[in-house]
Chemist: 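I have a structure here, written as structure tokens, and I will follow up with some questions on it.
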There are 2 protein chains.
Amino acid sequence: MIITKIESKQNSTIKQLARLAKDKKYRNNMNQMVCEGEKMLFEALSSEVKVHTVLIKIGENVSSELIDKAINQGAHIFETDEKLFNLASDVETPQNVLFSCDMPHRMADELPQNLNGAILLDGVQDPGNLGTILRTADAFALSAVILCEGCTDPTAPKVVRSTMGAIFRQPIYKMQIEQAIAAMHTRKIKVCAATLVQDSIPINKTNLKNSAVVIGNEGRGLSDKTLSLCDEKIIIPMMGKAESLNASVAAAILIWEMSEDIKNE
Amino acid sequence: MIITKIESKQNSTIKQLARLAKDKKYRNNMNQMVCEGEKMLFEALSSEVKVHTVLIKIGENVSSELIDKAINQGAHIFETDEKLFNLASDVETPQNVLFSCDMPHRMADELPQNLNGAILLDGVQDPGNLGTILRTADAFALSAVILCEGCTDPTAPKVVRSTMGAIFRQPIYKMQIEQAIAAMHTRKIKVCAATLVQDSIPINKTNLKNSAVVIGNEGRGLSDKTLSLCDEKIIIPMMGKAESLNASVAAAILIWEMSEDIKNE
């Protein structure tokens with residue numbers, strides 16, 4: 001194995017990895033993001049995403065099979081001591097390996113003609129929520145999660161971690177909300193707005209099969225403009241006194257219902 | 001209104017509030033916890049929980065109706081400047097008011113005879129997950145969430161915040177897992193173990209009406225001993241490549257299915 005040892009904190013690889021973790025603009029310019037841990041590296045190497053740089057913490061046990069796979073796919077492998085490794089890492093308790101790779105999300109023109117449903121996110125702001133929604137969508141093999149304006153950056157380290165690897169499997173697209181809704185209509189897919197308004201249709205009284213569901217901002221919900229573009233307003237019926245659900249919980253119940261309807265087809 | 005002004009960081013009220021936020025043992029000894037924000041104060045004052053101390057940040061607008069209500073319920077009201085307020089607060093961006101109150105969870109012997117279902121948590125460790133599960137249970141008016149050994153402390157500030165006020169509405173009980181399962185059996189309630197094992201019954205092929213569902217630790221799941229005490233092993237069927245769901249997402253789908261079955265009764 002060809003592994004380069006890094007011994008200076010001025011090393012450009014350390015600096016680049018640290019900057020990828022912290023700087024959204026830099027990630028966008030480079031079209032790269034950074035991830036930690038063997039599980040994530042395994043997921044990245046099993047996906048279509050290109051892995052560029054792998055940094056190993058000296059003294060930690062990292063699967064040689066995984067490193068071989070990375071080398072075979074053209075990645076550059078480095079190792080360094082704990083102190084320099086921690087400089088490159090974004091987390092409080094860094095793992096044994098971190099790596100940079102291409103961003104996994106796709107453009108509007110890559111959206112397939114046939115979809116089994118989609119989740120459109122319009123301004124979901126919390127990184128944990130976004131990551132968890134991507135993880136749930138992947139678990140139920142949803143065709144597409146579409147990120148519209150105002151969503152938090154899906155390549156932020158906290159989002160990536162929360163996906164537990166789903167970021168490399170779940171097809172993710174970036175579009176304007178109007179464009180996303182139009183893309184659904186072109187594909188004859190009903191667009192349902194998830195609301196908290198009582199005159200909406202309870203989700204157990206409508207068919208979410210082959211539907212797209214639009215989920216809005218955690219605090220503000222969906223804009224009037226977005227609502228006016230949707231075909232149906234839906235609500236998760238709640239019997240308790242709570243005013244709302246956590247956004248990733250609401251998304252989970254909606255995705256489950258979309259998938260239940262697919263299963264019962 | 002009788003409001004006492006605090007001007008020293010040596011003040012015992014400031015010290016006590018700060019310690020309640022940070023020190024689990026102290027919370028248990030005092031049988032008190034600490035919360036932030038007007039919404040939480042409103043929820044606490046609307047519940048059966050006793051509010052002890054309210055601390056207002058000078059210069060911020062706090063509803064006088066809310067303060068009157070607190071005074072009428074026997075709370076002591078203090079005000080202080082931003083610097084001392086921040087000493088008492090646990091969060092990075094403190095709100096305009098914080099308060100101490102009695103712990104809201106109940107003991108085993110307070111569990112009602114009639115339940116519409118229950119969630120038993122066996123070792124749920126992440127504060128955000130626990131808070132979100134309590135919020136979801138409250139939204140669907142579940143009779144009981146039972147916290148068994150190994151669960152994170154429900155009075156930790158991060159849990160309390162994630163509940164969005166549900167901590168004051170959702171009936172929460174603390175019991176050993178064996179005791180909780182026995183309590184369900186006494187009430188003729190079926191106990192279902194949420195698993196990731198493929199030979200379990202898919203949740204859409206079983207009736208979760210009037211059931212108790214046991215959810216295990218985020219990493220390890222349920223112990224063999226707990227599994228052996230349950231009546232049924234159930235699984236959320238997933239079509240994707242993910243191995244598991246986030247614990248609060250799994251709980252949400254399970255609670256939704258429990259509540260769907262109740263609705264279709």
Chemist: Other residues, nucleotides and ligands only: do more than 12 of their heavy atoms fall within 6.0 Å of CG on A:Asp199?
Modeler: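 Counting other residues, nucleotides and ligands, CG of A:Asp199 exceeds 12 neighbours.
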
Chemist: Checking an interface table here. Which of residues 154-162 of chain B come within a heavy-atom distance under 4.5 Å of chain A?
Modeler: none

Chemist: Side chain, backbone, both or neither: which part of A:Ala166 has an atom under 4.5 Å from a heavy atom of chain B?
Modeler: neither

Chemist: Chain B: which of A:Gly165, A:Ala139, A:Ala252 shares the most heavy-atom pairs with it under 4.5 Å?
Modeler: A:Ala139

Chemist: Are more than 12 heavy atoms from other residues, nucleotides or ligands located less than 6.0 Å from atom CD of B:Glu65?
Modeler: no

Chemist: Any chance CE of A:Met238 has more than 12 other-residue heavy atoms, nucleotides or ligands included, within less than 6.0 Å?
Modeler: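 Counting other residues, nucleotides and ligands, CE of A:Met238 exceeds 12 neighbours.
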
Chemist: Could you tell me whether a side-chain N or O of A:Arg169 sits under 3.5 Å from a main-chain N or O of B:Lys241, the two making a donor and an acceptor?
Modeler: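 Side chain of A:Arg169 to backbone of B:Lys241: no pair is present.
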
Chemist: What verdict does the side chain to side chain contact (heavy atoms under 4.5 Å, CB included) test give for B:Leu254 and A:Trp256, after you've listed the backbone C-alpha separation in whole Å, the side-chain angles of each residue and the deciding distance to 0.1 Å?
Modeler: CA-CA 10 Å; B:Leu254 291 162; A:Trp256 165 249; over 6 Å; no

Chemist: Hey, are B:Arg135 and A:Glu243 close enough for a salt bridge, meaning a charged N less than 4.0 Å from a carboxylate O?
Modeler: no

Chemist: Does anything in residues 118-128 of chain B pair up under side chain to side chain donor-acceptor pair (under 3.5 Å), and if so which pairs, sequence neighbours excluded?
Modeler: B:Asp122-B:Thr226

Chemist: For the residue pair A:Asp138 and B:Ala242, what are the closest heavy atoms and their distance?
Modeler: OD2-CB, 3.5 Å

Chemist: Tell me the closest heavy-atom pair linking A:Phe140 and B:Met239, and the distance in Å.
Modeler: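 The answer is O-CE, 3.8 Å.
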
Chemist: What part of B:Gln170 is in contact with chain A, defined as an atom under 4.5 angstrom from a non-hydrogen atom: side chain, backbone, both or neither?
Modeler: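 Looking at B:Gln170, nothing touches chain A.
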
Chemist: To the nearest 0.5 Å, tell me how far A:Asn246 CG sits from B:Asn129 CG.
Modeler: 10.0 Å

Chemist: Taking atom CD of A:Glu110 as the centre, report whether more than 12 heavy atoms of other residues, nucleotides or ligands fall under 6.0 Å from it.
Modeler: yes

Chemist: Are there more than 12 heavy atoms of other residues, nucleotides or ligands under 6.0 Å from atom CZ of B:Arg220?
Modeler: no

Chemist: Count the heavy atoms belonging to other residues, nucleotides or ligands that lie under 6.0 Å from CG of A:Asn72, then report whether that count exceeds 12.
Modeler: yes

Chemist: For B:Val249 and A:Ser248, which heavy atoms make the closest approach, and how far apart are they?
Modeler: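 Here B:Val249 and A:Ser248 meet closest at CG2-O, 4.1 Å.
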
Chemist: Among A:Ala137, A:Ala250, A:Ser244, A:Ala251, which has the most heavy-atom pairs under 4.5 Å with chain B?
Modeler: A:Ser244

Chemist: Would you call B:Leu245 and A:Thr136 a side-chain contact if the rule is heavy atoms closer than 4.5 Å?
Modeler: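 Contact flag for B:Leu245/A:Thr136 side chains = yes.
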
